[in-house]
Amino acid sequence: MKPTAKKTTVKLGASAVLATGITLASRFDLAISSALAGLAKTENVFTLSVPKFAALLEIIGEWAPSVLAATSVLIVGQEGAELYEGHEMTAKLSSFIPATALMAYATTKTMEYLKYPISGALSAALIASVAFAVSAMLYLLIGKIPDDIRKKIFLPAAYTLAASCAVLFTVSVIKTLWGRVRLRELVSMNSLEEYTPWYYPNFFSGSHSFPSGHTAHATLLLMLPKWLSGKGEKYRPAMNAVCFGFIALMAFSRLAAGAHFLSDILFGFLIAFGITETVKKLYAHHDETLEKLSDIWDGIQEKAFPHMRNAKKQNQFNP
């Protein structure tokens, strides 16, 4: 079978599986999630039997994409610092701040999952210390990467960072808009009456079940194979397989934890997969992408700052 035919077959097969999954979820979402999360009712009280591996992966699911995004921003910062002569340290620190913020987010979520109080001066100091320590470690490790290798992974890191921002923004907006109640929230209310199918949004209810953020952010790891170059490219299929395995495990753990329904994880994957594939195509045509972005930026400037356009024209005629 030719490579193109093989790719087409794989895409058709994957599309059929996802379509089947969404169809099943539309009809049996609550039943599937309830069975995997061990939903039970004893003396009119609902309970869940959450396995320990699901609780562990809930924490890992916060750290993996956060570390990936932090690593990307630090690489972009350290490599981009060379463009600012005399201001290298300022440029590097500007990347260290968002990296630390990402680590602070992961630390805070971990404390929440472990039922550790996150309010108060002591908790704030703990979060800041862990975030700074992890960011500093990443910063030092990236600094030890040989210059030639860091230059090669600069663009993949930049596009990974772009994909991370796009996924975070898209998923956060949809979560807030949709307002779907999680299974474990229904259990805490001791009622299943608030359950709604995925195609009925609750609009700003305060709940954030749809789509699955953990699954979407795990899908960002599919950007990692693009970091391999030269002789390392032969390992891309293996890395893709590992990434897909991690995504599947993460998705299953979210069901087992009672945190999401089947439709949540399917759409979380579809959203992030669509974004990563789009970013990969932009990366493959990097020069064309930069040219288009430059044209868009010029258009924005002309509309927002017409006087700048006139100044440019004057400079053209008066060299």
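Remember, it's a predicted structure, so these values are computed and weren't measured experimentally.
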Can you find a pair of side-chain heavy atoms, one from [X] and one from [Y], that are under 4.5 Å apart?
{"X": "P211", "Y": "V171", "value": "yes"}
{"X": "M103", "Y": "W63", "value": "yes"}
{"X": "L282", "Y": "H286", "value": "no"}

Does the ring centre of F261 sit less than 6.0 Å away from the ring centre of F210?
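When the ring centroids of F210 and F261 are compared, they turn out to be at least 6.0 Å apart.
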Taking the six-membered ring for Trp and the full ring for Phe, Tyr or His, determine whether the centres of F132 and Y139 are under 6.0 Å apart.
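So the answer is no for these two rings.
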Salt bridge check, D264 against R180: does any charged N sit closer than 4.0 Å to a carboxylate O?
yes
Check this for me: does any side-chain nitrogen of one of D147 and R150 sit under 4.0 Å from a carboxylate oxygen of the other?
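A salt bridge is present here (some side-chain N lies under 4.0 Å from a carboxylate O).
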Is it the case that the side chain of R254 and the backbone of H214 share a donor-acceptor pair, with hydrogens and angles ignored and the cut-off at 3.5 Å?
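Judged by distance alone, no pair lies under 3.5 Å.
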Quick one: sort the F267 and W198 rings into parallel, tilted or perpendicular, breaks at 30° and 60°.
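Rings of F267 and W198: tilted, as their planes differ by 30° to 60°.
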Please tell me whether [X] and [Y] have a donor and an acceptor in their side chains that are separated by less than 3.5 angstrom.
{"X": "Y113", "Y": "E62", "value": "yes"}
{"X": "E58", "Y": "S253", "value": "no"}
{"X": "T160", "Y": "W227", "value": "yes"}

With a 4.5 Å cut-off on side-chain heavy-atom distances among I, L, V, M, F, W and Y, is there a chain of contacts connecting V130 to L114?
yes
When rounded to the nearest 0.5 angstrom, what is the spacing between CG in L30 and OG1 in T196?
10.5 Å
